[in-house]
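Presented below is the structure to which this report refers.
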Amino acid sequence: MTTMCSLVGATNLYRVGDAEGWREPDKNDAAMYDTWAGKYAFRVGDSLAFDYKNDSVVRVSKRGYYHCNETGGGSASKDGSTVFLLDQPGFYYFVSGDVDHCKRGQRVMIEALDAQRPPAAAGPAPSPLPSSAVSWTAIAASLRDMVALGSLLFVASYCSYLS
């Protein structure tokens with residue numbers, strides 16, 4: 001049960017840029033961080049780790065992200081390793097503290113999804129069955145899903161009780 005509790009409250013730490021870290025992209029790879037961010041589904045409670053040398057990272061507004069014009073505000077982290085918590089749903093914008101690096105693509109936009117909601121399903125919704133048709137397979141699947149959800153809710157409430 002303790003293992004289940006740790007899984008219910010689990011969060012992820014993402015290293016921005018993976019092995020490459022936070023650096024100025026190569027000339028032919030200005031979309032490097034867009035590509036990196038597109039590989040993941042970020043959730044509230046996840047964290048981003050920026051690892052860098054001779055650079056910095058700044059959290060900026062949407063406008064600052066697109067125009068690279070909020071880098072000199074003195075709020076740049078320059079210690080070589082900075083972690084940001086995604087503490088609410090929505091968009092987060094980060095740029096290099098070096099305006100030229102930002103303009104060359106050293107910036108990343110992250111969308112943090114609500115931790116409680118699953119991501120939207122890909123593709124169109126299936127067509128509804130005619131009102132006279134009954135699908136026992138669908139009913140069994142629904143019952144199975146309800147039992148699984150009930151089990152998950154029980155574990156979550158038990159974890160809250162232990163806290």
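In what follows, residues are counted from 1 in the order of the sequence shown.
- Looking at W22 and Y33, their side chains come closer than 4.5 Å, going by heavy atoms from C-beta outward.
- In this structure, E20 and M32 have side chains that are in contact, with non-hydrogen atoms separated by less than 4.5 Å.
- Remark: of the listed residues L113, T11, N12, L113 is the sole one forming a side chain to side chain contact (heavy atoms under 4.5 Å, CB included) with R43.
- Interatomic distance, E24 CD to C102 SG, rounded to the nearest 0.5 Å: 10.5 Å.
- Nearest heavy atom pair, residue C68 against residue R107, reads SG-NH1, 3.7 Å.
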*Tell me, with the steps shown, if V108 and F50 meet side chain to side chain contact (heavy atoms under 4.5 Å, CB included).*
CA-CA 11 Å; V108 64; F50 292 81; 4.2 Å; yes

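- Judged by distance alone, the side chain of D55 and the main-chain N or O of Y52 form no donor-acceptor pair under 3.5 Å.
- In this structure, the separation between CZ on F84 and CZ on R59 is 8.0 Å, given to the nearest 0.5 Å.
- Without hydrogens or angle criteria, Q106 side chain to H101 main chain gives no donor-acceptor distance under 3.5 Å.
- In this structure the side chain of V60 never reaches within 4.5 angstrom of the side chain of F94, judged on heavy atoms.
- Across V95 and G64, no two heavy atoms sit closer than the pair CG1-O, 4.3 Å.
- Distance check, rounded to the nearest 0.5 Å: CG of D29 to CZ of R104 gives 14.5 Å.
- Counting heavy atoms from C-beta outward, L48 and I110 have side chains that approach closer than 4.5 Å.
- Side-chain contact check for F91 versus M109: some heavy-atom pair is nearer than 4.5 Å.
- With a 6.0 Å radius and a threshold of 12 heavy atoms from other residues, nucleotides or ligands, N54 has its CG atom at or below the threshold.
- The aromatic ring centroids of W36 and F42 lie less than 6.0 Å from each other.
- Under a cut-off of 6.0 angstrom, the local environment of NZ in K39 is crowded, with over 12 non-hydrogen atoms contributed by other residues, nucleotides or ligands.
- Of all non-hydrogen atoms in S47 and L85, the two that sit nearest each other are OG-CD1, 3.7 Å.
- Remark: side-chain polar atoms of R63 are not paired, donor with acceptor, to backbone N or O of H67 under 3.5 angstrom.
- The shortest heavy-atom contact between A112 and Y92 is CB-CE1, 3.8 Å.
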